Amino acid sequence: SGSSAAAPLPEEDCMKLNPSFLGIALSSLLAIDLWASKRLGVCAREGSAWGSARPLMKVIEVSGHGIPWLLGTFYGLCQSDSSAAREVLLNLLFALLLDLVLVALVKGLVKRRRPTHNKMDMFVTISVDKYSFPSGHATRAALVCRFVLHHLVLAVPLRVLVVLWALIVGVSRVMLGRHNVTDVLFGLLLGYALYSVVEYCWLSPLNTPALFALW
């Protein structure tokens with residue numbers, strides 16, 4: 001009878017029973033990401049498969065940390081006696097600060113936790129460092145790599161070394177268990193794109209004379 005006919009399911013229940021292709025694809029990607037990240041975290045702890053390489057990975061970690069880059073750039077800016085060098089260093093400082101702010105904002109919005117196998121013993125951390133996405137080291141490495149290749153005259157072997165350094169920094173984040181694979185991949189892409197923003201907003205004595213007057 002009409003009274004015994006089943007009532008149609010609410011629209012939201014139908015969506016739960018029939019997940020979209022996009023939802024399935026994203027869930028599958030997340031599962032693969034977590035699995036691959038755990039398998040590749042071979043230096044996450046001293047007892048890991050490559051635990052003996054952990055000190056070397058931590059040296060690489062420091063080489064991509066924001067504090068040494070900021071301090072080194074600021075020191076070079078203060079010591080430079082060339083207007084061209086000061087312009088490049090000032091823009092590198094601007095790029096590093098922009099990178100820190102952008103990564104902190106994205107981490108605060110996404111709030112993805114670090115991998116469970118991570119041992120939290122990083123050099124100089126701040127509150128947003130408890131989050132994983134994106135990798136700030138990877139973003140900074142890609143940004144600095146592109147900046148250096150465009151604004152320093154380097155021999156081909158040195159240019160190759162700069163690119164290798166950026167890639168090794170990214171790989172080391174997964175090996176140390178600090179980040180998932182997608183955190184690093186997105187970080188590299190973000191850093192690469194961020195350089196274009198720096199170039200577009202390039203600071204020079206013509207458009208920011210007051211800023212250059214300070215130096």
Side-chain angles (χ1 to χ4, degrees), residues 36-37 40-43 50 52-103 106 122-124 134-208 212 215:
S37 302
L40 294 172
V42 292
C43 303
W50 291 9
S52 58
R54 184 174 173 81
L56 175 61
M57 292 295 105
K58 294 191 70 174
V59 171
I60 296 172
E61 178 177 69
V62 173
S63 77
H65 197 283
I67 298 300
W69 276 102
L70 284 170
L71 292 178
T73 303
F74 184 76
Y75 177 79
L77 186 59
C78 293
Q79 296 297 314
S80 177
D81 55 0
S82 165
S83 58
R86 283 197 297 271
E87 182 175 340
V88 171
L89 288 169
L90 185 61
N91 280 278
L92 177 57
L93 184 63
F94 167 67
L96 292 170
L97 291 172
L98 184 62
D99 166 66
L100 284 176
V101 171
L102 183 60
V103 169
V106 177
M122 285 194 300
F123 166 73
V124 186
S135 166
H137 280 69
T139 305
R140 188 173 305 109
L143 172 64
V144 169
C145 173
R146 200 174 172 198
F147 191 101
V148 167
L149 293 180
H150 277 76
H151 293 285
L152 292 184
V153 179
L154 300 175
V156 173
L158 290 177
R159 296 175 72 85
V160 172
L161 285 176
V162 171
V163 174
L164 285 177
W165 167 77
L167 294 175
I168 289 172
V169 168
V171 171
S172 72
R173 309 312 291 153
V174 180
M175 293 180 66
L176 277 170
R178 305 291 196 213
H179 293 278
N180 296 300
V181 175
T182 51
D183 302 333
V184 172
L185 291 178
F186 185 83
L188 291 172
L189 290 174
L190 182 62
Y192 187 89
L194 190 58
Y195 173 78
S196 299
V197 177
V198 174
E199 280 289 296
Y200 182 79
C201 302
W202 188 263
L203 306 176
S204 72
L206 295 178
N207 56 28
T208 54
F212 280 85
W215 309 100

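All values below come from the heavy atoms of this structure, side chains included, with hydrogens, waters and symmetry mates left out. Just so we're clear, the structure is a prediction, and the values are computed from it rather than from any experiment.
To the nearest 0.5 Å, atoms CZ (Phe147) and CG (Leu152) are separated by 8.0 Å. To the nearest 0.5 angstrom, Leu100 atom CG is 7.0 Å from Leu96 atom CG. Note: Ser172 OG to Arg178 CZ = 9.5 Å, rounded to the nearest 0.5 Å. Distance check, rounded to the nearest 0.5 Å: OG1 of Thr208 to CH2 of Trp202 gives 11.0 Å. The CE atom of Met57 sits 11.0 Å away from the CZ atom of Arg173 when rounded to the nearest 0.5 Å. Atoms CG and CG, on Leu102 and Leu97 in that order, are 12.5 Å from each other to the nearest 0.5 Å.
At a threshold of 4.5 Å between non-hydrogen side-chain atoms, the residues Leu176 and Ile60 do not count as touching. Proximity of Leu161 to Leu158: side-chain heavy atoms (C-beta onward) are separated by under 4.5 Å at one or more points.
Shown here are the salt bridge (charged side-chain N to carboxylate O under 4.0 Å, His left out) partners of Arg140, two or more places apart in sequence or in another chain: Asp99. Residues forming a side-chain hydrogen bond (donor to acceptor under 3.5 Å, both in side chains) with Ser63 (at least two apart in sequence, or on another chain): Trp165. Remark: Glu87 pairs with no residue by the salt bridge (charged side-chain N to carboxylate O under 4.0 Å, His left out) rule, at least two apart or across chains. The side-chain hydrogen bond (donor to acceptor under 3.5 Å, both in side chains) test applied to Thr182 returns Asp33, Arg112, not counting sequence neighbours. For His137, the ring pair (Phe, Tyr, Trp, His ring centres under 6.0 Å) partners two or more places apart in sequence, or in a different chain, are His65.
Remark: side-chain polar atoms of Asn91 are paired, donor with acceptor, to backbone N or O of Leu203 under 3.5 angstrom. Judged by distance alone, the side chain of Ser80 and the main-chain N or O of Gly76 form no donor-acceptor pair under 3.5 Å.
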(message) Evaluate Leu93 against Leu70 for side chain to side chain contact (heavy atoms under 4.5 Å, CB included), listing each step before the verdict.
(response) CA-CA 7 Å; Leu93 184 63; Leu70 284 170; 3.8 Å; yes
(request) Under the side chain to side chain contact (heavy atoms under 4.5 Å, CB included) rule, what do Met175 and Leu40 come out as? Steps first, then yes or no, please. (result) CA-CA 6 Å; Met175 293 180 66; Leu40 294 172; 5.7 Å; no
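When all heavy atoms of Leu149 and Arg159 are compared, the closest pair comes out as O-NH1, 3.2 Å. Listed here is the closest heavy atom pair of Val148 and Val162: CG1-CG2, 4.3 Å. Counting all heavy atoms, side chain and backbone alike, Leu143 lies closest to Ala95 at CD2-O, 3.5 Å. Contact record, Ser37 with Asn180: OG-CA, 3.1 Å, taken as the closest heavy-atom pair.
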Could you pull out all donor-acceptor pairs under 3.5 Å where a side-chain atom in residues 185-200 meets a protein atom, sequence neighbours excluded?
residue : atom : partner : partner atom : Å
Tyr195  : OH   : His151  : NE2          : 3.0
Tyr195  : OH   : Glu199  : OE2          : 2.9
Ser196  : OG   : Arg146  : NH1          : 3.1
Glu199  : OE2  : His151  : NE2          : 2.8

